[in-house]
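The block underneath contains the structure these notes are about, expressed in structure tokens.
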Amino acid sequence: MIKNIILSGVGGQGILTIASIIDLAAMHSGLNVKQAEVHGMSQRGGDVQSNLRISDEEIYSDLIPKGKADIILAMEPLEALRYLPYLQKDGIIITASAPFKNIPNYPDENQVIETIKNSGFKHIIIDSDEIAKNLSARSLNVVIAGAVAPIIGIDSNVMKDSVKELFAAKGEEIVAMNVKAFETGVEYNKNL
Amino acid sequence: MKESLLLGAEAVALGAIDAGISGVYAYPGTPSTEITEFIQKSKEAKEKNIRSKWCCNEKTAYEAALGMSYAGKRSIVCMKHVGLNACADAFMNSAITGTNGGLVLVVADDPSQHSSQNEQDSRMYGKFSMLPLLEPSNQQEAYECVHYGLDLSEQMRLPVILRVTTRLSHSRSVIKNRKCHEQNPLQAKLEINRWVTLPGFAKKQYKSLVEKQEELESISEQSPFLKLVNGSGKKAVIACGLAFNYVMEVRQNNNLDFPVLKISQYPLPTKQIADFLAKYDEVLVAEEGYPIVEEYLRGFSNNPKIKGKLDGVLNRIGELNPDVMAIALGVEPTKAAEMPSFMVNRPPALCNGCSHRDTFEALNKAMSQFADRHVFGDIGCYTLGALKPFESITATVDMGASITMAKGAADAGLHPAVAVIGDSTFTHSGMTGLLDAVNENTKMTVIISDNSTTAMTGGQDSAGTNKLHLICKGLGVDEKHIRTILPLKSHLDENVQILTEEINYDGVSVILAQRECVQTAMRNKKKKAND
Ligand SMILES: Cc1ncc(C[n+]2csc(CCOP(=O)(O)OP(=O)(O)O)c2C)c(N)n1
Ligand code: SF4
């Protein structure tokens with residue numbers, strides 16, 4: 001089994017938290033992990049991505065080859081489309097719906113969403129506004145981690161435990177909020 | 001044995017702690033910064049009293065690490081590739097003196113220039129200095145290489161170079177620890193003939209360095225990181241360091257069976273390579289960085305067996321990846337979807353509320369009164385002041401160059417001659433340039449955009465925080481012309497006024513534009529709340 005996942009978003013949106021949840025769960029499941037990330041350039045607002053690979057066999061490359069990603073996990077729809085050339089033909093896109101507009105030439109947002117819907121790939125579009133209303137905008141990344149849990153090849157409960165482990169230091173309230181966010185994400189996947 | 005999920009950089013750090021270093025010396029620089037940060041945050045390192053504070057620059061770091069080695073203890077010194085230029089004098093001459101306690105120089109190259117001015121390959125420095133160099137291909141090897149490198153350094157009494165690249169340094173993997181090495185006791189010895197580089201001594205030391213080459217090569221032949229992957233066919237691959245992963249990825253994905261010789265230690269194991277070359281009709285040399293091994297194997301007579309970067313089979317510029325490697329190995333690329341045509345880039349920009357923004361706004365207003373608007377910039381977040389919407393900066397080269405280039409341009413008759421430099425860059429290598437200007441009373445203005453941190457690399461402590469006024473005064477800048485401004489919108493008119501006055505002053509003036517980086521301020525606030 002190998003799962004190749006591209007995480008994408010804009011600097012500061014918290015894609016590395018998603019990566020940490022999956023990394024931890026994979027390690028606890030005895031799988032091999034490689035996760036390449038972008039560091040440096042402290043300023044905010046640039047596009048960021050991380051290549052995450054988990055497998056029960058040896059993983060060589062830190063980077064995912066083109067056409068070999070199983071999943072794109074994006075915090076923002078335009079950043080989901082940026083990595084389309086990496087997605088394999090049965091791949092799936094999971095993205096938050098709200099555009100992050102910090103550039104003057106951001107494309108038409110309806111066109112962006114329509115392109116995902118008509119891409120021919122399976123997709124889950126998570127309603128960012130609903131998450132913001134019902135949970136909190138800050139837990140969007142954990143919702144996305146939940147949405148991928150059922151299809152990643154790791155027991156969802158192990159993933160949930162990583163969420164608890166990761167936020168444990170921040171107190172019970174924060175843990176409970178993130179567990180709820182994670183479960184909300186899992187529900188999204190069921191509607192696929 | 002413990003398992004932990006670590007970045008390559010962190011694996012190096014853990015390796016160093018476990019291998020018994022007594023100190024890490026470093027100046028931040030992507031992709032090397034996380035090595036030192038890991039040691040700074042490590043409880044174990046604290047218990048072991050491992051010295052880990054940031055240094056002013058790579059030269060002070062290198063020399064201090066060498067001093068620890070002189071005293072008999074183990075140390076590592078870490079930097080990005082261009083940092084090695086800044087300490088090249090210390091580095092090259094440490095090959096002459098050699099070491100006492102183990103010393104490993106960890107240098108992180110940045111092919112593709114993700115966050116660097118160039119993509120220089122530090123393996124050249126290995127050859128240049130005649131020092132052994134290790135080039136791990138994965139995170140676990142990076143961990144092992146630190147142990148091995150420190151042992152080798154003590155065995156050969158030479159510094160050892162450990163070269164990593166961005167993808168290795170900034171990628172996580174599961175690391176297995178091994179048994180810890182105790183720290184060395186203090187054991188400084190009087191060995192003047194080794195440590196004093198007067199020509200009489202240094203000539204003998206240089207001879208001994210040259211004589212060690214044969215032994216170093218035979219150690220490379222036996223390197224634990226050398227690996228032969230058996231296979232069939234008449235085509236084969238020699239893969240160095242990280243490139244090995246891409247080669248093996250293609251081999252695994254496509255069920256190919258070509259033989260691979262993995263090189264991870266220099267000087268090159270020439271016997272192993274010669275035996276390997278003799279067996280095959282065509283050999284692709286895959287290496288991250290310059291075509292160093294390839295050029296050597298091609299030789300003057302351009303051995304027709306060798307393929308690689310010089311004949312365009314692999315890309316000459318930029319890093320390797322599994323896709324270019326697949327094509328080089330004759331594999332059809334996977335058919336993939338295309339990016340939509342409306343895709344746009346999202347370039348990095350100065351954060352909202354960044355103090356540099358207000359400094360540039362004031363500077364632009366002040367400069368608009370002059371016909372010539374040249375501003376010598378430097379390296380840091382504020383380098384983005386060269387781009388829209390500010391377009392204030394018109395030149396940047398290397399750390400510290402803003403002040404000295406402004407001086408040279410002023411000497412040539414340019415006015416205004418303005419330098420913009422960050423606080424960390426100023427204490428890295430701006431202070432000496434300012435002294436040059438003071439000594440000639442050059443008509444120029446230095447703006448130190450002081451945000452109390454080394455922001456670009458993630459907000460490390462800056463050596464000159466709360467000392468900059470005193471430093472400038474101490475270097476001899478007239479106190480009346482050291483002016484402090486508060487870069488905020490509400491102070492714009494006042495700041496333009498001060499800048500204009502100082503640009504018109506017939507001598508050296510310094511503007512301290514002081515306001516904390518908003519990202520660092522936020523991080524500090526969070527940290528306080530957590531404590
Ligand atoms: C010789 C060298 N060492 C390290 C670096 C990495 N680096 C780039 S900018 C920078 C520091 C910038 O700090 P500062 O001057 O305070 O500016 P800020 O980013 O805070 O605006 C560093 C360490 C480099 N480019 N060159
Ligand atoms: S990280 Fe700090 S210095 Fe860099 S752009 Fe942001 S606020 Fe400015």
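A note on names: the letters A, B, ... follow the listed sequences, proteins ahead of strands, and every chain is numbered from 1.
- Electrostatic pairing of A/K34 and A/E58 does not count as a salt bridge here, judged by no charged N lying under 4.0 Å from a carboxylate O.
- Within the 4.5 angstrom heavy-atom criterion, no atom of B/T33 approaches chain A.
- Heavy-atom pairs under 4.5 Å with chain B were tallied for A/E79, A/E57, A/K68; the largest tally goes to A/E79.
- Taking the six-membered ring for Trp and thresholds of 30 and 60 degrees, B/F360 and B/F390 have ring planes inclined between 30 and 60 degrees apart.
- Classification of B/E249 and A/R53 as a salt-bridged pair holds, one side-chain N sitting under 4.0 Å from a carboxylate O.
- A cation-pi arrangement is found for B/R251 relative to B/F258, the charged atom lying closer than 6.0 Å to the ring centre and inside a 45° cone about the ring normal.
- Of the atoms belonging to A/I2, not a single heavy atom falls under 4.5 Å from chain B.
- Contact annotation for B/N345: both backbone and side-chain heavy atoms come within less than 4.5 Å of a heavy atom of chain A.
- Most heavy-atom pairs under 4.5 Å with chain B: of the set A/R82, A/M27, A/K66, this distinction falls to A/R82.
- For B/P347, the parts lying near chain A are the backbone and the side chain together; criterion is any non-hydrogen pair under 4.5 Å.
- With chain A as partner, the option from B/S173, B/A336, B/P348, B/A337 having the largest number of non-hydrogen pairs under 4.5 angstrom is B/A337.
- For the residue pair B/T36 and B/Y27, no side-chain donor N or O sits within less than 3.5 Å of a side-chain acceptor on the partner.
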Kindly determine whether B/E288 and B/R167 satisfy salt bridge (Lys or Arg N to Asp or Glu O under 4.0 Å), including the steps that lead there. CA-CA 10 Å; B/E288 188 79 301; B/R167 293 300 172 186; over 6 Å; no
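- Heavy atoms closer than 4.5 Å to chain B are found nowhere in A/Y83, neither backbone nor side chain.
- In this structure, A/E187 pairs ionically with A/K190, as a charged nitrogen and a carboxylate oxygen lie closer than 4.0 Å.
- Most heavy-atom pairs under 4.5 Å with chain A: of the set B/R346, B/E3, B/M248, this distinction falls to B/R346.
- At a heavy-atom cut-off of under 4.5 Å, chain B is reached by no residue from residues 131-146 of chain A.
- Interface residue A/L81: backbone and side-chain heavy atoms are both found under 4.5 Å from chain B.
- One distance of note links CD1 of A/I124 with CD1 of A/I126; it measures 6.5 Å at 0.5 Å rounding.
- Heavy atoms of A/N102 lying under 4.5 Å from chain B belong to its backbone as well as its side chain.
- For the residue pair B/S116 / B/K80, a side-chain donor-acceptor distance below 3.5 Å is found, with atom types taken as modelled.
- Interface residue A/V10: only side-chain heavy atoms are found under 4.5 Å from chain B.
- Here the CG-CG distance, from B/N177 to B/L14, works out to 4.5 Å after rounding to the nearest 0.5 Å.
- Side-chain N/O atoms of B/T425 and B/D378 include no donor and acceptor closer than 3.5 Å.
- When each of B/F244, B/Y246, B/F342 is checked for heavy-atom pairs under 4.5 Å with chain A, B/F342 comes out on top.
- Neither the backbone nor the side chain of A/K89 comes within less than 4.5 Å of any heavy atom in chain B.
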Residue pair B/K262, B/E141: steps toward the salt bridge (Lys or Arg N to Asp or Glu O under 4.0 Å) verdict: CA-CA 13 Å; B/K262 170 178 173 286; B/E141 266 189 14; 2.8 Å; yes
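- Between the side chains of B/T453 and B/Q460, not a single donor N or O lies within less than 3.5 Å of an accepting N or O.
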